[in-house]
Asks: 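Let me begin by handing over the structure; questions about it come next.
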Amino acid sequence: MENFTFKNDTKIIFGKGTENSAGKEILKYGKKILLHYGGGSIKKSGLYDKVMKSLKESSITVFELGGVKPNPAVSLIRQGIGICRENKIDFILAVGGGSVIDSSKAISMGVNYSGDVWDFFEGKAKLESSLPVGVILTIPAAGSESSVVTVITNEDGLIKRGFHSSMLLPKFAILNPELTFTLPVFQIACGAADILAHTFERYFTQTKNVDLTDRLCEGLMKTVIENSKIAVKDLGNYDAMAELMWASTIAHNGILGTGRVEDWASHKLGHELSALYGITHGASISVMFPAWMKYVYKYNIDRFAQFAARVFNIDYGFGDEQWLALRGITELENYFKELGLPTTLTELKVPFDKLELMAEKAVVKGPIGNFVKINKEDAFKIYELAK
Ligand code: NZQ
Ligand code: ZN
């Protein structure tokens, strides 16, 4: 096990009706807020009205900015920064999924910075202060509700980049599984793929003697696989959505990565698909993870054999680890297919003429990943495997 420091300050408020406590929670940080949301699902579901009521009861002054699109754009973030500066906003409330939360985090970074917010994503600026952010989550997926990360897209150049800082940890995250009942099946499936992906990025490591976090990861993976199969068939199943919602947070709040070297190559390969073609994050994951696995499994067959045996309950076939490792990857593909997710670039309708460009963009800051260092040539081969 590697040395580590673990701290996650996000207060989790879980369960039915918890969105009604938003106003009270915010009062600990400010009285003038930006309410940030997406393309309208919160208005259709009635959540917007409930949140406004809670804010009004706490006498909070509300400025609004809706319209966050999946793979959130820096142009709307710049607009949000302007609203916050003009109105001396002291708190941002994100109501939605990863895109809304990440957009809120990026706005919070830009308010007190004199340059352009994209500078942070290009490594040209150091984050010294940010506004506090709170979350009401509507989709279990990205884990941004208690992560140190924001991932945004610059339409100019079609670049999707992340930025990390402990300052970005939301102050609180309200998780009411009932708020997910209006989700389309495809989004539930994409969310499950992303939760698994955040676990894979930590599980597939070369670090030895990490039994506890291995078992935590495996338990989480089994829970997500079982409950996502229920959730996509039985819409509005509270128990299944509750498991997914808590898993979304646990998978990405840092605890599963303690003591181990994480990977993150598959996410970066997926981000290129989203940047160029607007592919939904979870669908980029269900295509790129199996391809990455097929490319790298030979660098630690034991780990992939363990994954197959413990997560998919496959028996060791006469001690043939290569067979077992490959069976695990096939089982994962079958699971994604059962959820209705794509597993190939062809299904995503991604043309093959820009695979080299995507490979180049994915490694623009140097080789990616740690399980195996992936350079441009490797990235290209992984995209080829995903065809
Ligand atoms: O915009 P609205 O109308 O709200 O619709 C959204 C959106 O179209 C809809 N939706 C969300 N909750 C709903 C709902 N529709 C009906 N009922 C509800 N209850 O779902 C669609 C997708 O929303 P989005 O926020 O994009 O989903 P997700 O949570 O998967 O977030 C994806 C983004 O998070 C980033 C991804 O790259 C992507 O940009 N990630 C952020 C991470 C982080 N900050 O830690 C880590 C992840 O790896 C990921 O990269
Ligand atoms: Zn992800």
Side-chain angles (χ1 to χ4, degrees), residues 8 10 19 36-48 65-74 76-77 94-106 108-109 121 133 135-153 160-165 168-170 173 175-202 231 235-236 241 244-245 248-249 251-254 257 262-275 278-286 288-289:
N8 188 306
T10 304
E19 64 278 17
H36 200 32
Y37 52 91
S41 73
I42 69 159
K43 289 203 168 157
K44 266 188 237 151
S45 67
L47 175 60
Y48 173 88
L65 180 63
V68 179
K69 295 204 175 97
N71 303 313
V74 73
L76 191 76
I77 288 160
V95 185
S99 297
V100 174
I101 305 168
D102 286 1
S103 186
S104 301
K105 287 177 176 176
S108 83
M109 291 162 63
F121 296 82
V133 172
V135 173
I136 300 180
L137 188 67
T138 61
I139 169 171
S144 185
E145 64 274 14
S146 73
S147 83
V148 294
V149 185
T150 171
V151 189
I152 66 169
T153 297
K160 185 167 176 174
R161 288 251 171 93
F163 180 87
H164 299 63
S165 165
L168 297 183
L169 274 173
L175 315 182
N176 175 359
E178 290 173 322
L179 302 180
T180 67
F181 290 176
T182 48
L183 276 170
V185 168
F186 178 67
Q187 289 296 343
I188 298 175
C190 283
D194 198 21
I195 299 169
L196 285 177
H198 298 158
T199 317
F200 295 159
E201 297 288 13
R202 288 149 172 127
L235 294 180
M241 291 314 293
L244 293 182
M245 211 161 201
S248 150
T249 303
H252 201 33
N253 72 354
E262 303 182 8
D263 191 72
W264 296 98
S266 305
H267 262 73
K268 295 206 171 80
L269 295 168
H271 286 342
E272 297 311 324
L273 293 172
S274 300
I279 303 294
T280 304
H281 177 59
S284 78
I285 286 299
S286 63
M288 292 320 304
F289 241 110

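Indexing begins at 1, ligand by ligand and atom by atom, following the structure's order. Here, residue 1 is the first one in the sequence, and each next residue gets the next number. Everything numeric in this text was worked out from a predicted model, so none of it was measured. Both backbone and side-chain heavy atoms feed into the values below; hydrogens, waters and symmetry mates do not.
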Asks: Regarding atom 33 (C) of ligand 1: of the candidates Ser99, Gly191, Ser45, Ser274, which has the closest heavy atom?
Replies: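 Ranked by closest heavy atom to atom 33 (C) of ligand 1, first place is Ser99.
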
Asks: Parallel, tilted or perpendicular: which describes the rings of Tyr37 and Tyr48, with under 30° parallel and over 60° perpendicular?
Replies: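 The rings of Tyr37 and Tyr48 stand perpendicular, inter-plane angle above 60°.
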
Asks: Check whether any protein heavy atom sits under 4.0 Å from atom 18 (C) of ligand 1.
Replies: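 Yes, because at least one protein heavy atom sits under 4.0 Å from atom 18 (C) of ligand 1.
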
Asks: Any N/O/S atom from His252 (main chain or side chain) under 2.8 Å of the Zn ion (ligand 2)?
Replies: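 False for His252.
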
Asks: What pair of heavy atoms forms the shortest contact from Asn8 to Asn253, and how long is it?
Replies: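 Distance-wise, the nearest heavy atoms are ND2-O, 3.0 Å.
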
Asks: Look at the rings of Trp264 and His198 and say which category their plane angle falls in: under 30° parallel, 30 to 60° tilted, over 60° perpendicular.
Replies: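 Trp264 vs His198 ring planes: tilted.
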
Asks: Are Ser103 and His36 packed together at the side-chain level, in the sense that at least one heavy-atom pair is separated by less than 4.5 angstrom?
Replies: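 Yes, their side chains come closer than 4.5 Å.
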
Asks: Say whether Gly39, considering both its backbone and side-chain N or O atoms, lies within less than 3.5 Å of an N or O atom on ligand 1.
Replies: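 There is such a contact, yes.
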
Asks: If you measure from each non-hydrogen atom of Ala142 to ligand 1, which part falls under 4.0 Å: side chain, backbone, both or neither?
Replies: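 Under 4.0 Å from ligand 1, Ala142 contributes backbone and side-chain atoms.
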
Asks: So, regarding His281 and ligand 1 (criterion: nitrogen or oxygen to nitrogen or oxygen, under 3.5 Å), is there a contact or not?
Replies: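 Yes: some nitrogen or oxygen of His281 is under 3.5 Å from one in ligand 1.
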
Asks: Would you kindly specify which portion of His267 sits under 4.0 Å from ligand 1, judged on non-hydrogen atoms: side chain, backbone, both or neither?
Replies: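 Just the side chain.
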
Asks: Among protein heavy atoms, which lies nearest atom 48 (O) of ligand 1, and at what distance?
Replies: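 Looking at atom 48 (O) of ligand 1, the protein heavy atom closest to it is His198 NE2, 2.7 Å.
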
Asks: To make sure I understand the geometry: which N, O or S atom in Asp194 is closest to the Zn ion (ligand 2)?
Replies: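 Asp194's closest N, O or S atom to the Zn ion (ligand 2) is named OD1.
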
Asks: Using a 4.0 Å heavy-atom cut-off, say whether Asp102 meets ligand 1 through its side chain, its backbone, both or neither.
Replies: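 The answer is the side chain.
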
Asks: Considering only protein heavy atoms, determine whether one is less than 4.0 Å from atom 12 (N) of ligand 1.
Replies: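 When distances to the protein are checked, atom 12 (N) of ligand 1 has a heavy atom within 4.0 Å.
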
Asks: Under 4.0 Å from a heavy atom of Lys160: which atoms of ligand 1 are those, numbered in the order shown and with their elements?
Replies: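 Per the distance check, 36 (C), 37 (O), 38 (C), 39 (O).
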
Asks: For the atom pair CD1 (Ile139) and CG (Leu183), what is the distance rounded to the nearest 0.5 Å?
Replies: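 Here the interatomic distance stands at 5.0 Å.
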
Asks: Does Arg202 use its side chain to pair, donor to acceptor, with the backbone of Ala251 at less than 3.5 Å?
Replies: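 Side chain of Arg202 to backbone of Ala251, a donor-acceptor pair under 3.5 Å: yes, one is there.
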
Asks: Could you say whether the N/O atoms of Thr180 and ligand 1 ever approach to under 3.5 Å?
Replies: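 No.
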
Asks: Below 4.5 Å, heavy atoms only, C-beta onward: do Lys105 and Ser144 meet side chain to side chain?
Replies: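 Yes, close enough: below the 4.5 Å cut-off.
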
Asks: Determine, step by step, whether Ser248 and Glu145 satisfy the side chain to side chain donor-acceptor pair (under 3.5 Å) criterion, reporting the C-alpha distance in whole Å, the side-chain angles of both residues, the deciding distance to 0.1 Å, and the verdict.
Replies: CA-CA 9 Å; Ser248 150; Glu145 64 274 14; 2.7 Å; yes

Asks: By number and element, which atoms of ligand 1 are closer than 4.0 Å to a non-hydrogen atom of Ile139?
Replies: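 In order of numbering, the contacting atoms are 11 (C), 12 (N), 29 (O).
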
Asks: For ligand 1, note which part of His271 has a heavy atom under 4.0 Å away: side chain, backbone, both or neither.
Replies: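 The answer is the side chain of His271.
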
Asks: Once you round to the nearest 0.5 Å, how far does CD of Glu19 lie from CG of Asn176?
Replies: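 Nearest 0.5 Å value for the CD-CG distance: 4.5 Å.
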
Asks: Please confirm whether Val100 comes within less than 3.5 Å of ligand 1 when only nitrogen or oxygen atoms on both sides are compared.
Replies: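 N/O-N/O distance under 3.5 Å: no.
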
Asks: Decide whether an N or O pair under 3.5 Å exists between Leu179 and ligand 1.
Replies: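 Yes, there is a polar N/O contact under 3.5 Å.
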
Asks: For Gly98 and ligand 1, does the shortest N/O to N/O distance drop below 3.5 Å?
Replies: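 The answer is yes, given that Gly98 and ligand 1 share an N or O pair closer than 3.5 Å.
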
Asks: Measure Ile42 to ligand 1 on non-hydrogen atoms and call it side chain, backbone, both or neither using the 4.0 Å cut-off.
Replies: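 It is neither part, as no heavy atom is under 4.0 Å.
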
Asks: With heavy-atom distances below 4.0 Å as the criterion, list the atoms of ligand 1 near Ala141.
Replies: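 With Ala141 as reference, the close atoms of ligand 1 come out as 29 (O), 30 (O).
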
Asks: Should Val95 and Val100 count as side-chain neighbours, where that means a heavy-atom distance under 4.5 Å?
Replies: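 Side-chain contact under 4.5 Å: no.
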
Asks: Would you mind running through ligand 1 and noting each atom that sits below 4.0 Å from a heavy atom of Gly38?
Replies: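 Atoms satisfying the 4.0 Å criterion: 1 (O).
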
Asks: Just do the side-chain contact (heavy atoms from CB on, under 4.5 Å) check on Lys160 and Ile152 with the steps written out, would you?
Replies: CA-CA 6 Å; Lys160 185 167 176 174; Ile152 66 169; over 6 Å; no

Asks: Which bit of Ser147 is near ligand 1, meaning a heavy atom under 4.0 Å away: side chain, backbone, both or neither?
Replies: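 For Ser147, only side-chain atoms sit under 4.0 Å from ligand 1.
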
